[in-house]
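Position 1 is the first residue of the sequence, and the numbers go up from there.
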Amino acid sequence: MTDSGRGAGPDFIEALARGLDVLRSFRSGTPTMTLSEIAGHTGLARPTVRRILITLEALGYVRQAARGYALTPRVLELGMAYVNSLSMWDVARPHMERLVAQTNESSSMAQLDGSDIVYVARVAVPKIVTLSVTIGTRFPAPATSMGKVLLAALPPAELAALLAERSRSGITARWQPSAAELDASLREVRAKGWALADQDLAPGIRSIATGVRDGDGNVVAAINVTVHAAETTVETLRDEHLPKLLRAAADISHDWSLTAAVPAVTV
């Protein structure tokens, strides 16, 4: 039923609201409805419903059926406008905010750019850390937990080519691994599915990360929890924060795959 008191002010378009009421009257189990049934569901007069249906039919959103009217696939465009307007980071952010609330620590997401990671999303808590981090910040990938996760997901040839590139971060990391040391570290990450960086980048910065996957199971980003080494031990990071991080990454991966799987509608 319509809400007669919903509109307020001279800018409220009652005709548009009534048109949406008609569209919403089609529900599961009632794919086809008569004019009288729609009028009953919406509380609108039959002549009003008839004019709305004629308009919606002209626009391609409803069609005449054997028993009244039915929606057309074009109605999906209305929902797709919302889905398609969301970037992957908008989808991820609520999960990151929940993770930060659970851990009381900052969380970030990053992707690879050459031999660096670049921060693409971040939910921070006010704590003093050695290095300032904002969206767009880049760090040498091997010295970060997110970088290790992303590097470990690459095919061997792509990994070698990427590591041959010089970092453009302007940062000299504390940990400067040999090829053998980095190879061993990445093998461990592949086996565990997550990575730890214990002040590898700079003093006082300790983090743990795991991958976020697309619908095909490919690691397309990494998410972390970052702590101050003087406040949080490695054991706390691994035993308390890691399970929450893994759950957040799984939830984001699930939502990303659902968003990507929504079919495009062309009429």
Considering residues, nucleotides and ligands other than L16, do more than 12 of their heavy atoms fall under 6.0 Å from its CG?
yes

Are V234 and I208 connected, step by step, through hydrophobic side chains (Ile, Leu, Val, Met, Phe, Trp, Tyr) whose heavy atoms are closer than 4.5 Å?
yes

Looking only at the aromatic ring of each residue, does the gap between the centers of F139 and Y119 stay below 6.0 angstrom?
yes

Any chance the side chains of S207 and T226 put a donor and an acceptor closer than 3.5 Å?
no

For F26 and M33, run side-chain contact (heavy atoms from CB on, under 4.5 Å): C-alpha distance rounded to whole Å, both residues' side-chain angles, the deciding distance at 0.1 Å, then the answer.
CA-CA 7 Å; F26 292 88; M33 299 180 69; 4.0 Å; yes

Nearest 0.5 Å, what's the CD-OG distance between Q102 and S107?
10.5 Å

Would you say the side chains of R46 and S36 form a donor-acceptor pair under 3.5 Å?
yes

Any link between I171 and L162 through a network of hydrophobic side chains (Ile, Leu, Val, Met, Phe, Trp, Tyr) touching at under 4.5 Å?
yes

Just jot down the side chain to side chain donor-acceptor pair (under 3.5 Å) partners of R238, sequence neighbours excluded, or say none.
none

How many angstroms lie between atom OG1 of T55 and atom CZ of R50, to the nearest 0.5 angstrom?
10.5 Å

Using only atom types and a distance under 3.5 Å, with no angle test, would you say the side chain of T236 pairs donor to acceptor with the backbone of T232?
no

Heavy-atom closest pair (I117 atom, A110 atom, distance to 0.1 Å) is CB-CB, 4.0 Å

Please check this pair: side chain of D216 against backbone of N218, looking for a donor-acceptor N/O pair closer than 3.5 Å.
no

Can you check whether L23 reaches L56 side chain to side chain, under 4.5 Å on heavy atoms?
yes

Closest non-hydrogen atoms of A143 and A173, given as atom of the first, atom of the second and distance, are CB-CB, 3.4 Å

Yes or no on side-chain contact (heavy atoms from CB on, under 4.5 Å) for T210 and N224, after CA distance, side-chain angles and deciding distance?
CA-CA 7 Å; T210 191; N224 77 353; over 6 Å; no

Closest approach of Q199 to R206 (non-hydrogen atoms, all atoms of both residues):
NE2-NH2, 3.6 Å

Check whether any side-chain heavy atom of L186 lies under 4.5 Å from a side-chain heavy atom of L159, and answer yes or no.
yes

Side chain to side chain contact (heavy atoms under 4.5 Å, CB included) with R18: of I13, V49, T48, only one passes, and it is T48

Are the side chain of T72 and the backbone N or O of G60 linked by a donor-acceptor pair below 3.5 Å?
yes

Where at least one partner belongs to residues 100-117, residue pairs that pass salt bridge (charged side-chain N to carboxylate O under 4.0 Å, His left out), sequence neighbours excluded
E105-K127, D113-R138, D113-R168, D116-R138

Hey, could you give me the OG1/CD distance between T32 and Q64, rounded to the nearest 0.5 Å?
12.0 Å

From the list D183, D198, D200, salt bridge (charged side-chain N to carboxylate O under 4.0 Å, His left out) partner of K148 resolves to D200

Evaluate the side-chain proximity of R166 to S115: yes if any heavy-atom separation is below 4.5 Å, no if none is.
no

For a quick test of reading the model, state the closest non-hydrogen atom pair linking V219 to G211 and the distance between them.
CG1-CA, 4.1 Å

If you apply the rule side-chain contact (heavy atoms from CB on, under 4.5 Å), what do you find for R213 with H254, and how did you get there?
CA-CA 8 Å; R213 300 175 182 273; H254 175 72; over 6 Å; no

Does some side-chain heavy atom of V118 sit less than 4.5 Å from a side-chain heavy atom of Q111?
no

P140 versus L201, closest heavy-atom pair with distance:
CD-CD1, 4.0 Å

Is it true that I135 and V125 fall in one hydrophobic cluster, defined by side-chain heavy atoms closer than 4.5 Å?
no

How about L44 and I52: do any of their side-chain heavy atoms sit closer than 4.5 Å?
yes

Backbone N or O of A121 within a donor-acceptor pair of the R93 side chain at under 3.5 Å?
no

CH2 on W89 to CH2 on W256, rounded to 0.5 Å:
4.0 Å

L20, I38: one ILVMFWY side-chain cluster at the under-4.5 Å cut-off?
yes

Can you see which heavy atom on P142 is nearest to which on W175, and at what distance?
O-CZ3, 3.2 Å

Show the numbers, then the answer: is there a side-chain contact (heavy atoms from CB on, under 4.5 Å) between L99 and V123?
CA-CA 9 Å; L99 176 62; V123 178; over 6 Å; no

Indicate yes or no for a side-chain donor-acceptor contact from E188 to the backbone of S185 under 3.5 Å, with no hydrogens or angles considered.
no

Rounded distance [0.5 Å steps], CE in M146 versus OG in S108
5.0 Å

May I ask you to say whether D21 pairs ionically with R24, meaning some side-chain N is under 4.0 Å from a carboxylate O?
yes

May I ask whether L59 and V22 are part of the same hydrophobic cluster, defined by side-chain heavy atoms of I, L, V, M, F, W, Y residues being less than 4.5 angstrom apart, directly or through others?
yes

Out of curiosity, L245 CG to M96 CE, how far, rounded to the nearest 0.5 Å?
10.0 Å

Greater than 12 external heavy atoms within 6.0 Å of R247's CZ:
no

Between W194 and V189, is any pair of side-chain heavy atoms under 4.5 Å apart?
no

Do the non-hydrogen side-chain atoms of L154 and E158 ever get within less than 4.5 Å of each other?
yes

Could you check if a side-chain atom of V91 sits within less than 4.5 angstrom of a side-chain atom of L258, using non-hydrogen atoms only?
no

